[in-house]
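Take a look at the structure below.
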Amino acid sequence: MDYQTLNLLFRCNKEFSHEKIRMQELSDTECMICSFIYSHENCSQDDVSSALKTDKTTVGKALAALEKKNCVVRTPDVADKRIKQLTLTDIGRGKVAVLVNLHNNWLAEIMTCLSKEEQKQFENYCDRLLAAAEKLTQNNGGNNQ
């Protein structure tokens, strides 16, 4: 698969979900952050920034907005009071659940063009590609070289 095809697939997903994200009163960045916290409860701002490859300032501003929207709570880490652990509120968890369901349904719908065996192969390929991408990122220290 070439970059253009992969990019178009991501863009189709973004176009499909853009308005739905807005209906949850979230920006794309806030949605990404909430989705990460949804899967990684009690993570820190640094964890989010690192995992999403997003500037710490951008993450900090988005977290402040999410706190105002009562979607995220920051609590001091028990071991290190300087670190704030991030958790979703019930409101935040509800918004993310709607969006995760939306994306899962979108993917299930577009994958209907594949047989069940092809779907399993595709999922296996994606898992392998993700593992290779994470390994490459770690080996390069996260730098674009």
Side-chain angles (χ1 to χ4, degrees), residues 1-111 114 118-145:
M1 175 182 301
D2 64 7
Y3 173 77
Q4 183 65 21
T5 303
L6 189 58
N7 189 41
L8 287 172
L9 183 61
F10 290 135
R11 290 184 66 169
C12 286
N13 178 267
K14 187 172 182 174
E15 287 176 25
F16 175 82
S17 63
H18 185 76
E19 186 59 33
K20 312 299 192 290
I21 291 169
R22 296 295 170 276
M23 290 172 65
Q24 294 300 317
E25 300 176 344
L26 297 173
S27 71
D28 291 337
T29 301
E30 292 167 352
C31 179
M32 280 191 329
I33 291 169
C34 283
S35 296
F36 181 80
I37 297 170
Y38 185 79
S39 300
H40 302 86
E41 282 284 326
N42 296 317
C43 59
S44 69
Q45 181 174 331
D46 285 348
D47 296 334
V48 173
S49 178
S50 177
L52 299 180
K53 311 291 188 245
T54 306
D55 180 72
K56 290 180 184 182
T57 303
T58 301
V59 172
K61 288 179 183 178
L63 286 170
L66 288 165
E67 281 183 302
K68 288 181 183 176
K69 295 176 183 180
N70 197 24
C71 292
V72 172
V73 174
R74 297 187 220 203
T75 55
D77 184 84
V78 176
D80 185 346
K81 300 294 183 196
R82 296 172 297 171
I83 298 174
K84 304 293 186 229
Q85 298 294 317
L86 305 172
T87 55
L88 292 174
T89 63
D90 288 342
I91 291 170
R93 201 170 289 106
K95 288 177 184 282
V96 174
V98 167
L99 296 171
V100 167
N101 189 44
L102 172 79
H103 289 289
N104 285 341
N105 289 340
W106 178 83
L107 188 57
E109 180 65 29
I110 67 166
M111 287 183 64
L114 303 174
E118 290 170 325
Q119 288 178 26
K120 288 180 183 179
Q121 287 175 338
F122 178 73
E123 289 173 10
N124 181 277
Y125 296 151
C126 287
D127 288 343
R128 289 168 47 197
L129 287 167
L130 178 59
E134 289 173 340
K135 183 177 179 182
L136 181 63
T137 300
Q138 290 173 349
N139 289 342
N140 287 329
N143 297 326
N144 295 330
Q145 298 180 14

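Computed from heavy atoms alone, side chains included, the values below leave out hydrogens, waters and symmetry copies.
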*Of all heavy-atom pairs between Pro76 and Lys81, which one has the smallest distance, and what is that distance?*
CB-CD, 4.0 Å

*Got a donor-acceptor contact below 3.5 angstrom from the Gln119 side chain to the Met111 backbone?*
yes

*Does the ring of Phe16 carry Lys20 above it, NZ/CZ under 6.0 angstrom from centre and within 45° of its axis?*
yes

*Tell me, yes or no, whether the heavy-atom count around Asn7 atom CG, taken from other residues, nucleotides or ligands under 6.0 Å, exceeds 12.*
yes

*Contact summary for Phe36 and Ala51, nearest pair of heavy atoms*: CE1-CB, 3.3 Å

*Which heavy-atom pair separates Glu67 from Arg74 by the least distance, and what is that distance?*
OE1-NE, 3.1 Å

*asked:* So, taking the atom named NE2 in His103 and the one named SG in Cys31, what distance separates them when rounded to the nearest 0.5 Å?
replied: 5.5 Å

_Within a 6.0 Å radius of atom CD on Glu41, are there more than 12 heavy atoms belonging to other residues, nucleotides or ligands?_
yes

*Working to the nearest 0.5 Å, report the span between CG of Leu88 and CD1 of Ile37.*
5.5 Å

_Rounded to the nearest 0.5 Å, what separates atom CD1 in Ile110 from atom CG in Asn105?_
12.0 Å

*Starting at CG of Asp28, measure out to NE2 of His18 and round the result to the nearest 0.5 Å.*
6.0 Å

_For a side-chain contact (heavy atoms from CB on, under 4.5 Å) check, start with the C-alpha distance between Val59 and Leu52, then their side-chain angles and the critical distance, and finish with the verdict._
CA-CA 9 Å; Val59 172; Leu52 299 180; 5.7 Å; no

*asked:* Set out, in order, the CA-CA distance, both residues' side-chain angles and the distance that settles side-chain contact (heavy atoms from CB on, under 4.5 Å) for Val48 and Leu63, then state yes or no.
replied: CA-CA 10 Å; Val48 173; Leu63 286 170; 5.7 Å; no

*Using a 4.5 Å cut-off on heavy atoms from C-beta on, say whether the side chain of Asn104 contacts that of Val100.*
yes

*Calculate, to the nearest 0.5 Å, the distance between atoms CE and NZ belonging to Met23 and Lys95 respectively.*
10.5 Å

*Out of curiosity, Thr54 OG1 to Met32 CE, how far, rounded to the nearest 0.5 Å?*
4.5 Å

_Donor-acceptor under 3.5 Å (Gln45 side chain, Lys56 main chain)_ = yes

*Run the side-chain contact (heavy atoms from CB on, under 4.5 Å) check on Leu102 and Val98 step by step: do they pass?*
CA-CA 6 Å; Leu102 172 79; Val98 167; 5.6 Å; no

*Can you name the closest pair of heavy atoms from Thr29 and Ala62 and give their distance?*
CG2-CB, 4.1 Å

*Does the pair Asp46 and Ser49 meet the rule for a side chain to side chain donor-acceptor pair (under 3.5 Å), with working shown?*
CA-CA 5 Å; Asp46 285 348; Ser49 178; 5.9 Å; no

*May I ask you to decide if Ser44's main-chain N or O and Asp47's side chain share a donor-acceptor pair within less than 3.5 Å?*
yes

